[in-house]
Amino acid sequence: MDFIIQGTLQAVEALYHTELKESDINLQETRKEFEGEVTIVTFPLTRISKKSPEQTGNEIGEYLQKNLPHIAGFNVIKGFLNLSLTSQYLIGNFRNIISKDGFGTFPANGKKIMVEYSSPNTNKPLHLGHIRNNLLGYSVAEILAASGYDVIKANLVNDRGIHICKSMLAWQKFGNSETPQSSGMKGDHLVGKYYVIFDKEYKKQIDELKAAGQTEEEAKKNAPLIREAQQMLQKWEAGDEEVIGLWKMMNGWVYEGFDVTYKKLGVNFDKYYYESDTYLLGKDIIDEGLAKGVFFRKEDNSVWIDLTSDGLDEKLVLRGDGTSVYITQDMGTAQLKYDDFKMNESIYVVGNEQDYHFKVLFLILEKLGKSWAKGMYHLSYGMVDLPSGKMKSREGTVVDADDLIEEMIDTARQRTEELGKVEGLAESEKENLYRMIGLGALKYFLLKVEPKKRLLFDPNESIDFQGHTGPFIQYTHARIRSVLSKANVTSFDFDGLNAITPTERELILALGRYPEIIAASAKAFSPAEIANYAYELAKLYNKFYHEEPILKVEDTEIKNFRLSLSNVTAAIIKKSMNMLGIEVPERM
RNA sequence: GGACUUGUAGCUUAAUUGGAUAGAGCAUCUGACUACGGAUCAGAAGGUUAGGGGUUCGACUCCCUUCAAGUCCA
């Protein structure tokens, strides 16, 4: 629509003798209750025209109609100049879309970007909160790749620490050598089971100590189990063979379990980092910061940074005994990542409870003069809560990832069988379809909402399969593919076509928006924008489908045009959904 | 104590970043040539955009304030 902006600039110059910038022209889509396709907001121009909004609109409208060949007409309502485009222009627009092989694919922009996501703890299985993280990370990575970035998907696994030792200790004490093989339990679930057992036993001991007269605080510190766990952590840090062996074995179980879940979710990684390798990093950065005068040392030998001039607090970066805090290793890991990949930007997909942490981290790196610090971004997302409140692994109040995925597939199977439209498909094809639909519903449900919003999930209310949902869009795709396969044509010739219906206009305009949608969602790191676009497109197509016959049309050019329109719509739906990590079926 | 985020119809949400009568879906009600696939489409009803004030041609959007929910920092 650039020609309209240019035309308007000319009009303003000719009529009011003022030169404006492109950004001064306010273009928007015309609301569907008014006639036209493109609207210029003329309120801001009245300052220049020194006339009423209506008069300004009329004058510019007349100029444009006279001077631009593709403006068929206009109308003015208050400060809004609505322009109607000619059918020829829109058809030409559509030809443009189909002539480009990679319509909506951006050329490489030469920039490298890392997306770190998932980053699980290895002491428990994944739950719904992790699913949101994984889907967000994967989708953002896909969107960035589509918009021209060279993307590295990274996973920083939290594989050491006191929480892992808790699971290990409980297994050692109460596990009777239970293994995934012996119990038939998925490895991550087995380890998670002992994490819960630890907590239960630990609480018992606390209660006993309290009954014996200790305060809550004392009891928590003195319980034998927590002491043992701490000793185990020390042994681990000292490289004790037995502890390391146990740690490797149990983490191995967890990784096998995670792999299964990741595969089901369809997410993957190019690079794994492990905290057992990185937890000691960052101390050289402390020295660097002290030398540069960015950090300072207190009497107790602890190291701090003063961020009060930036509206934050004083922040501890190294304890008095020389041991790291979280932010120490995060600084070190950030440096490591940069040394490994030299990326221009780095995205951290992490929940909003760590907003403050990342604000501080990025600020510190900037103050240390790291040139790459300005490319860092915390993609913060809201927690997934249940009606009962927050999910807590220790207390077992979580929606388990594997369970939820299975339930979704089951529901898809049930719904599909009720509708009875998949006769003739092989059993394996059916199962694949149920998986596609079930996961499509789940993924769409989680991704259509803006990341930063908190998500309330009610396990008793099943995720919809109708309306604004993944399956709705998948259905639209299947329906189009069905029409196309019935038409059985490979080339769509409509050279002589010169008139189109209002819905066809809308559809062409919507298809044309695809590239800007990708650019916008990449810029905002927001899959939700693509999700909503895919829905609008599907909705619009269904409207078109009901209004206009396709295969039954006599006129072959109209028929070919409509088939072509269907073809492109299906392709763009598919690409959009794939960017969300959602597959679309040929039949359903 | 300080800081951050969120609040839109009964529920789940959108609003081109300051533009028109706040747009959808679910649920409710009504309708669609025995259908190119009804997991669809058309329509009805449902809103003081948490409350109050301000900025201006114009505010869900920006500023101030109160309330509610959540989170973080020693």
Side-chain angles (χ1 to χ4, degrees), chain A residues 26-34 39-44 46-47 52-53 76-82 304 307-308 310-316 351-360 380-383 385 389-390 412 415-416 418-422 437 440-441 445 448-458 461-487 503 513 516-517 520 523-524 528-529 531-533 535-536 538-553 559 562-563 566 585 587-588:
Chain A
N26 195 340
L27 269 200
Q28 55 184 299
E29 274 171 63
T30 304
R31 297 207 161 206
K32 56 177 177 241
E33 58 264 41
F34 302 103
T39 295
I40 301 170
V41 185
T42 57
F43 287 111
T46 54
R47 259 181 220 152
S52 72
V76 175
I77 295 163
K78 292 195 267 182
F80 299 92
L81 169 58
N82 302 321
W304 295 72
L307 298 172
T308 47
D310 296 278
L312 304 174
D313 297 319
E314 282 191 357
K315 176 76 186 176
L316 176 76
N352 64 7
E353 55 202 350
Q354 296 198 38
D355 283 356
Y356 186 81
H357 176 79
F358 281 105
K359 211 185 253 183
V360 170
S380 163
Y381 62 90
M383 298 287 99
D385 291 324
K390 210 175 165 176
R415 297 287 318 240
T416 308
E418 275 167 19
L419 291 166
K421 289 199 271 193
V422 288
I437 298 172
F445 176 80
K448 78 171 178 186
V449 184
E450 221 182 309
K452 71 176 171 188
K453 288 203 174 175
R454 124 179 204 277
L455 212 60
L456 192 74
F457 180 81
D458 189 343
E461 269 178 52
S462 54
I463 293 174
D464 273 322
F465 282 65
Q466 283 169 355
H468 189 179
T469 66
F472 170 88
I473 301 168
Q474 291 173 316
Y475 171 78
T476 307
H477 180 267
R479 176 187 240 183
I480 297 175
R481 298 302 309 164
S482 162
V483 173
L484 288 169
S485 74
K486 262 185 198 152
T503 309
R513 274 205 330 270
E516 17 176 312
I517 298 289
K523 198 175 165 205
E529 294 193 29
N532 285 313
Y533 170 75
Y535 172 67
E536 268 172 47
K539 205 162 124 79
L540 207 47
Y541 183 86
N542 282 324
K543 184 180 170 193
F544 159 73
Y545 179 92
H546 270 268
E547 281 177 1
E548 314 296 346
I550 301 170
L551 296 174
K552 289 191 220 155
V553 179
K559 180 168 154 185
R562 288 180 181 166
L563 284 169
S566 304
R587 278 182 66 182
M588 69 184 270

Treating A:Thr46 as the side-chain partner and A:Ser52 as the backbone partner, does any N or O pair qualify as donor plus acceptor under 3.5 Å? no
Protein-nucleotide distance (A:Lys359, atom NZ; B:U71, atom P), rounded to Å: 18 Å
Consider the side chain of A:Lys390, meaning its heavy atoms from C-beta on, and name the nucleotide among B:A39, B:U71, B:U12 that approaches it most closely. B:U71
Please state how far atom OH in A:Tyr356 lies from atom P in B:U5, giving the value in whole angstrom units. 14 Å
Tell me yes or no: between the side chains of A:Arg479 and A:Asn542, is some donor less than 3.5 Å from an acceptor? yes
When only distance counts, do a donor and an acceptor, one from the side chain of A:Thr39 and one from the base of B:A20, lie under 3.5 Å apart? yes
Find which nucleotide of RNA chain B each of A:Val483 and A:Phe34 is nearest to by heavy atoms, and output the residue with the more 5' nucleotide. A:Phe34
Under 4.0 angstrom, heavy atoms only, what part of the nucleic acid is A:Ser380 near: base, sugar-phosphate, or nothing? nothing
Across the strands shown, which category fits A:Glu548 at heavy-atom distances under 4.0 angstrom: base, sugar-phosphate, nothing? base
Out of B:G25, B:C41, B:G38, minimum distance to the side chain of A:Phe472 belongs to B:C41
Side-chain donor/acceptor of A:Thr469 to base of B:A39, under 3.5 Å: no
So what's B:C72 paired with, Watson-Crick or G-U wobble, going by both distances under 3.5 Å? B:G2
Looking only at the side chain of A:Glu353 (C-beta and beyond, no hydrogens), which of the listed nucleotides B:A39, B:G38, B:C72 gets closest? B:C72
Taking the C1' atom in each of B:U48 and B:A44, what is the distance between them to the nearest angstrom? 23 Å
Is the shortest heavy-atom distance from the side chain of A:Gln466 to the side chain of A:Arg415 under 4.5 Å? yes
Hey, is B:U17 sitting syn or anti, using the within-90° cutoff around 0? syn
Rounded to whole Å, the OH-C1' distance (A:Tyr545 to B:A32) equals 14 Å
Nearest-Å distance once atom C1' is located in both B:A15 and B:G58: 16 Å
May I ask which nucleotide in the shown strands pairs with B:A39, Watson-Crick or G-U wobble, both distances under 3.5 Å? none
Side-chain heavy atoms of A:Asp464 within contact of A:Phe445, under 4.5 Å: no
Heavy-atom nearest pair, A:Thr42 first then A:Phe80, reads OG1-N, 4.0 Å
Pair assignment for B:A15, Watson-Crick or G-U wobble, requiring both distances under 3.5 Å: none
With C1' as the reference atom in both, quote the distance from B:A20 to B:G25 in angstrom, rounded to an integer. 24 Å
Indicate, with a heavy-atom threshold strictly under 4.0 Å, whether A:Pro53 touches base, sugar-phosphate, or nothing. nothing
Name the closest nucleotide to the A:His468 side chain, picking from B:G38, B:U16, B:G25. B:G25
Under-3.5 Å donor-acceptor pair between A:Asn82 side chain and B:A20 base: yes
Base, sugar-phosphate or nothing for A:Ile40? Non-hydrogen atoms, less than 4.0 Å. nothing
What's A:Arg587 touching, base or sugar-phosphate or nothing? Going by heavy atoms closer than 4.0 Å. base
Ring centres under 6.0 angstrom apart (A:Phe472, A:Tyr475): no
Over how many whole Å does the gap from A:Ile77 atom CD1 to B:U21 atom P extend? 10 Å
Categorize A:Lys421 for me: base, sugar-phosphate, or nothing, with a 4.0 angstrom heavy-atom threshold over every strand shown. base
Rounded to whole angstrom, note down the P distance from B:A14 over to B:U21. 23 Å
Please determine, for the side chain of A:Lys32, which listed nucleotide (B:A20, B:A24, B:C41) has the closest atom? B:A24
C1' spacing across the pair B:U49 / B:U61, given as an integer number of angstrom: 10 Å
Euclidean distance, atom CZ of residue A:Arg454 to atom C1' of B:U8 [Å, nearest integer]: 15 Å
Just the rounded figure in Å: distance from P of B:A24 to NZ of A:Lys543. 10 Å
Both distances under 3.5 Å, Watson-Crick or G-U wobble: report the partner of B:G7, or none. B:C67
Of the nucleotides B:A39, B:C72, B:U16, which has the atom closest to the A:Met588 side chain? B:A39
Counting the atoms with a prime plus P, OP1 and OP2 as sugar-phosphate, which does A:Ala478 contact under 4.0 Å by heavy atoms, base, sugar-phosphate, or nothing? base
Select base, sugar-phosphate, or nothing to describe what A:Asp458 touches, counting heavy atoms under 4.0 Å on all strands. nothing
If we take the C1' atom in both B:C60 and B:A42, what is their distance in whole Å? 29 Å
Suppose you measure atom C1' in B:C41 against the same atom in B:A22; what distance do you get, rounded to whole Å? 24 Å
RNA chain B: 5'-proximal contact among A:Met383 and A:Asn532 (nearest heavy atom): A:Asn532
To the nearest angstrom, the CZ-C1' distance between A:Arg562 and B:C36 comes to 12 Å
Contact check, side chains of A:Tyr356 and A:Asp313, non-hydrogen atoms, under 4.5 Å: yes
Between B:A59 and B:G53, how far apart are the two P atoms, rounded to whole Å? 14 Å
Counting side-chain heavy atoms from CB outward, which of B:C36, B:U71, B:U16 is closest to A:Ile550? B:C36
Using a 4.0 Å heavy-atom cut-off across all strands, classify A:Glu450 as base, sugar-phosphate, or nothing. sugar-phosphate
What nucleotide, of B:C36, B:G19, B:A39, holds the atom closest to the side chain of A:Lys552? B:C36
Please classify the nucleic acid contact of A:Gln28 as base, sugar-phosphate, or nothing, using heavy-atom distances under 4.0 Å. base
Calculate the interatomic distance between A:Asp355 atom CG and B:C72 atom P; express it in whole Å. 10 Å
B:A22 pairs with, by Watson-Crick or G-U criteria that keep both distances under 3.5 Å: none
Among B:C36, B:G19, B:U8, the nucleotide that comes nearest once only the side chain of A:Phe80 is considered: B:G19
For the pair A:Ser482 (side chain) and A:Ala478 (backbone), establish whether a donor and an acceptor sit closer than 3.5 Å, ignoring hydrogens and angles. no
Contact class for A:Ile437 vs. all strands (heavy atom < 4.0 Å): base, sugar-phosphate, or nothing? base
